[in-house]
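For reference, the structure is listed below as structure tokens.
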Amino acid sequence: MRLALFQPAIPQNVGACIRLSACFGVELHIIEPAGFRFDDRAMKRAALDYGPLGHMTRHPDWNAFQRDRVPGRLILFTTKGATPLNEFVFQPDDILLFGSEPSGAPDFVHDAADARVVIPIQPEARSLNLSVSAGIALWEGLRGN
């Protein structure tokens, strides 16, 4: 199981995902460009001292990520998902992909996904925070394997 963030814009979310990857022992892939510098103080504060344990790889763009990624299904988490999280069956080598906070994932990312999953929330709610969504998805994926 791996986490991947497509062009993240909020440093605190990346910091929280660094902590997630460290605590659960999974790789974290950042698909740039990001909306901040990686020496951003907010990200460092959110990641605390988990950075060296986070197994983070930065990819300069989508094409580099696609070229360099290891085999495994690409599972896109989206508010426009087709399969509710509670109905999705994970595999151990899945890559859990999350779009950019302000804009989500563009069509070419949706097209590349092997599956699209939505985390069911109340109809009147817009969306969950990126790092909260990543934590929910990762836990569910790991729990099922």
Side-chain angles (χ1 to χ4, degrees), residues 1-40 42-44 46-47 50-123 125-145:
M1 195 80 41
R2 296 170 209 87
L3 286 177
L5 307 180
F6 178 82
Q7 299 181 351
I10 300 173
Q12 294 91 333
N13 282 333
V14 174
C17 287
I18 288 170
R19 292 179 76 159
L20 273 174
S21 74
C23 290
F24 288 101
V26 300
E27 296 174 14
L28 174 63
H29 296 268
I30 306 296
I31 304 160
E32 297 191 41
F36 57 90
R37 293 188 343 246
F38 270 80
D39 63 350
D40 187 291
M43 187 193 70
K44 286 183 177 181
Y50 288 92
L53 303 174
H55 312 293
M56 183 176 74
T57 302
R58 292 168 57 190
H59 304 273
D61 56 35
W62 175 254
N63 291 333
F65 169 74
Q66 285 288 74
R67 180 189 68 232
D68 298 339
R69 74 181 173 104
V70 296
R73 297 184 307 173
L74 195 59
I75 311 303
L76 178 63
F77 282 79
T78 174
T79 56
K80 301 172 185 158
T83 305
L85 175 62
N86 57 309
E87 296 176 13
F88 189 76
V89 178
F90 290 93
Q91 295 176 4
D93 62 351
D94 285 344
I95 301 165
L96 311 182
L97 176 63
F98 298 85
S100 181
E101 295 93 327
S103 57
D107 289 342
F108 66 87
V109 173
H110 277 265
D111 293 343
D114 296 297
R116 294 182 308 140
V117 175
V118 62
I119 298 172
I121 58 175
Q122 296 297 313
R126 188 169 51 98
S127 64
L128 290 164
N129 171 280
L130 170 71
S131 57
V132 170
S133 296
I136 291 169
L138 183 58
W139 174 251
E140 186 64 18
L142 292 172
R143 185 182 71 81
N145 287 298

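Model, not experiment: these values are computed from the prediction. Hydrogens, waters and symmetry mates play no part in the numbers below; they use all other heavy atoms, side chains included.
Annotation: the span from Q66 atom CD to F108 atom CZ amounts to 9.5 Å, rounded to 0.5 Å. Atom CG of L3 is separated from atom OG of S21 by 7.0 Å, given to the nearest 0.5 angstrom. Rounding to the nearest 0.5 angstrom, the gap separating the CG atom in L138 from the CD1 atom in I136 is 11.0 Å. The CD1 atom of I18 lies 11.5 Å from the SG atom of C23; values are rounded to the nearest 0.5 Å. One finds the CG atom of L5 at 10.0 Å from the CE atom of M56 (value rounded to the nearest 0.5 Å).
Between D93 and V70, every side-chain heavy-atom pair lies at or beyond the 4.5 Å cut-off. Between L97 and I75 there is no side-chain heavy-atom pair separated by less than 4.5 Å. Side-chain contact between T78 and V118: absent, with no pair of heavy atoms (C-beta onward) separated by less than 4.5 Å. Using a 4.5 Å heavy-atom cutoff, the side chains of I10 and L130 are not in contact. Between I95 and R69, the closest side-chain pair of non-hydrogen atoms falls below 4.5 Å.
Nearest heavy atoms, P84 versus V117: C-CG1, 4.3 Å. Between P120 and N86 the shortest heavy-atom distance is CG-OD1, 3.7 Å. Across F88 and A115, no two heavy atoms sit closer than the pair CE1-CB, 3.5 Å. G104 and F6 make their closest contact through O-CD2, 4.3 Å (heavy atoms, listed as atom of the first residue, atom of the second, distance). The shortest heavy-atom contact between G135 and L20 is N-CD1, 3.5 Å. Smallest separation of non-hydrogen atoms from L76 and A113: CB-CB, 3.8 Å.
Without hydrogens or angle criteria, E101 side chain to A9 main chain gives a donor-acceptor distance under 3.5 Å. Looking only at distances, no side-chain donor or acceptor of D94 sits under 3.5 Å from a matching main-chain atom of L96. Panel note: side chain S103, backbone S100; no donor-acceptor pair is recorded below 3.5 Å. When atom types are taken as modelled, the side chain of Q7 and the backbone of A34 share no donor-acceptor pair closer than 3.5 angstrom. Remark: side-chain polar atoms of D68 are not paired, donor with acceptor, to backbone N or O of F65 under 3.5 angstrom.
Applying the salt bridge (Lys or Arg N to Asp or Glu O under 4.0 Å) criterion to R2, with sequence neighbours excluded, gives E27.
Checking I119, L85, T79 one by one against S133, the side-chain contact (heavy atoms from CB on, under 4.5 Å) holds for a single residue, I119.
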Checklist entry - Can you list the steps and then say if R126 with I121 is a side chain to side chain contact (heavy atoms under 4.5 Å, CB included)? => result CA-CA 8 Å; R126 188 169 51 98; I121 58 175; over 6 Å; no
Item to check | Audit row: I31, D61, side chain to side chain contact (heavy atoms under 4.5 Å, CB included) steps and yes/no | outcome: CA-CA 6 Å; I31 304 160; D61 56 35; 5.7 Å; no
Next on the checklist: Let's go through L28 and T57 carefully: what are the C-alpha distance in whole Å and the side-chain angles of both, what is the deciding distance for side chain to side chain contact (heavy atoms under 4.5 Å, CB included) to 0.1 Å, and is it a yes or a no?
Outcome noted: CA-CA 6 Å; L28 174 63; T57 302; over 6 Å; no
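Applying the salt bridge (charged side-chain N to carboxylate O under 4.0 Å, His left out) rule to pairs touching residues 111-120 yields nothing, sequence neighbours excluded.
Ring orientation note: the planes of F90 and F77 are close to parallel, at an angle under 30° on the 30°/60° scale. Classification of the H59-H29 ring pair by plane angle, with boundaries at 30° and 60°, yields parallel.
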